[in-house]
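Taking it in order: structure first as structure tokens, then the write-up.
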Amino acid sequence: MSAERLVRALLDVGVDVFVACPTANSTARARSEFNGRLSVVELPAHQRWSTLRRLRKWRRHARAAVEGSEAAIVHAQGLLSSGIAATDVRGIPRVVTAHGNLVADTSALYDGLGGAVRSWLRDRLSISVIKRADVIIGVNPDWSVNLPRRPRRFVYIPHIIDERFYALRLEPEPALVLFVGGRRRIKGWPLLAAAWPTVREAVPEARLHVAGWSPDEGPADVGPAHRRSVVVEGWLSSEELAARM
């Protein structure tokens with residue numbers, strides 16, 4: 001979503017945009033053109049032990065594509081894998097926007113030794129990106145929230161929030177809980193799912209609205225006795241999400 005909004009804003013002010021996207025397909029190099037001003041190319045990125053191999057396959061294809069585009073500046077969304085590919089490019093300014101915290105995300109996804117090794121590797125790769133980038137953009141004013149070390153140049157730019165979220169009047173619905181964090185453990189879904197029966201015991205009329213999930217995921221993590229109190233909804237537009245909130 002951050003990339004889509006940035007692309008739209010750049011096109012609106014007359015800037016041509018070239019977007020390089022990783023794909024799981026090992027051979028695909030699909031390219032799409034839109035109105036002669038936006039080019040989107042999908043590049044092979046899948047590789048066994050990709051982190052151990054420092055994402056070499058994706059980096060090689062991304063660097064060649066970006067350099068062939070004759071871009072004036074390269075901007076990556078996220079330290080990995082976009083950031084490490086963007087900072088491979090030479091001769092133009094390299095900007096990276098950091099989202100989330102890689103070590104915290106990895107620790108939440110993987111337990112034990114595997115998680116510790118992955119965290120260490122991703123931390124090392126992140127530091128290499130920070131060292132090589134000309135500018136690091138943070139969506140939090142405190143660089144340490146998203147980054148393992150202080151960058152040479154850090155700029156705080158908050159997330160783009162649609163005006164719709166400020167325009168609506170708050171109308172709370174008693175006993176209604178809205179969750180939009182997705183299934184990743186770091187967002188808290190397993191904790192909420194485990195706690196929901198306790199919430200229902202205290203507030204029997206409580207309802208849980210889960211938004212942004214695919215229809216086949218469902219509230220399976222919630223105890224069977226309480227699943228009817230959970231409503232699962234798919235991806236929402238900004239306007240729909242603002243209305244739910």
Side-chain angles (χ1 to χ4, degrees), residues 1-10 17-25 38 40-47 49-67 69 71 73-89 92-110 115 118-161 180-187 212 235:
M1 184 172 289
S2 297
E4 179 189 354
R5 288 178 174 175
L6 178 59
V7 167
R8 288 181 183 275
L10 290 170
V17 182
F18 175 84
V19 181
C21 306
T23 176
N25 190 313
L38 170 63
V40 180
V41 60
E42 296 179 275
L43 301 169
H46 178 70
Q47 184 180 30
W49 310 106
S50 60
T51 303
L52 281 172
R53 297 181 180 186
R54 302 175 65 86
L55 291 83
R56 283 199 299 264
K57 184 174 185 178
W58 154 242
R59 292 168 68 177
R60 183 174 68 252
H61 289 296
R63 178 177 179 176
V66 172
E67 291 180 346
S69 73
I73 185 171
V74 59
H75 178 209
Q77 293 282 351
L79 290 178
L80 294 180
S81 59
S82 299
I84 198 166
T87 53
D88 282 345
V89 179
I92 59 175
R94 297 163 298 178
V95 180
V96 179
T97 295
H99 295 279
N101 183 301
L102 282 172
V103 173
D105 285 352
T106 304
S107 299
L109 281 173
Y110 302 99
R118 286 182 174 90
S119 293
W120 183 86
L121 284 170
R122 292 178 180 182
D123 187 61
R124 297 300 94 190
L125 292 173
S126 298
I127 289 174
S128 74
V129 172
I130 295 168
K131 287 180 177 178
R132 295 188 298 163
D134 296 294
V135 180
I136 297 288
I137 296 172
V139 295
N140 188 294
D142 180 359
W143 65 265
S144 66
V145 170
N146 301 115
L147 303 169
R149 62 166 285 168
R150 182 187 292 274
R152 286 179 293 150
R153 183 178 180 190
F154 177 78
V155 178
Y156 164 56
I157 302 177
H159 277 305
I160 301 170
I161 306 297
V180 294
R183 294 190 65 90
R184 288 193 299 157
R185 283 170 52 189
I186 197 170
K187 298 297 185 180
W235 188 258

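Not measured: the values here are computed from a predicted model.
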Only one of Leu121, Ile127, Leu125 clears side chain to side chain contact (heavy atoms under 4.5 Å, CB included) with Asp123; which?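 When Leu121, Ile127, Leu125 are each tested with Asp123, the side chain to side chain contact (heavy atoms under 4.5 Å, CB included) holds only for Ile127.
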How close do [X] and [Y] get, heavy atom to heavy atom, and via which atoms?
X	Y	result
Pro93	Ile73	O-CG1, 3.5 Å
Leu80	Arg122	CD1-O, 3.9 Å
Asn146	Gly100	ND2-O, 2.8 Å
Phe18	Val41	CZ-CG1, 3.3 Å
Ile84	Ser128	CD1-OG, 4.3 Å
Ala20	Leu43	CB-CD1, 4.1 Å

Enumerate the salt bridge (Lys or Arg N to Asp or Glu O under 4.0 Å) contacts for residues 130-158, please, sequence neighbours excluded, ordered by first and then second residue.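 Sorted result for residues 130-158: Asp88-Arg132, Arg94-Asp134.
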Scan for salt bridge (Lys or Arg N to Asp or Glu O under 4.0 Å) pairs involving residues 74-86, sequence neighbours excluded, and state none if there are none. none
Rounded distance (nearest 0.5 Å) linking atom [atom1] of [X] with atom [atom2] of [Y]:
X	Y	atom1	atom2	answer
Ile130	Leu147	CD1	CG	4.5 Å
Asn140	His99	CG	NE2	12.5 Å
Ile137	Phe154	CD1	CZ	9.5 Å

Donor-acceptor under 3.5 Å (Thr87 side chain, Gly83 main chain):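 Looks like yes, one N/O pair under 3.5 Å.
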Name all residues meeting the salt bridge (Lys or Arg N to Asp or Glu O under 4.0 Å) criterion together with Arg8; count only those two or more places apart in sequence or in a different chain, and write none if there are none. Glu4
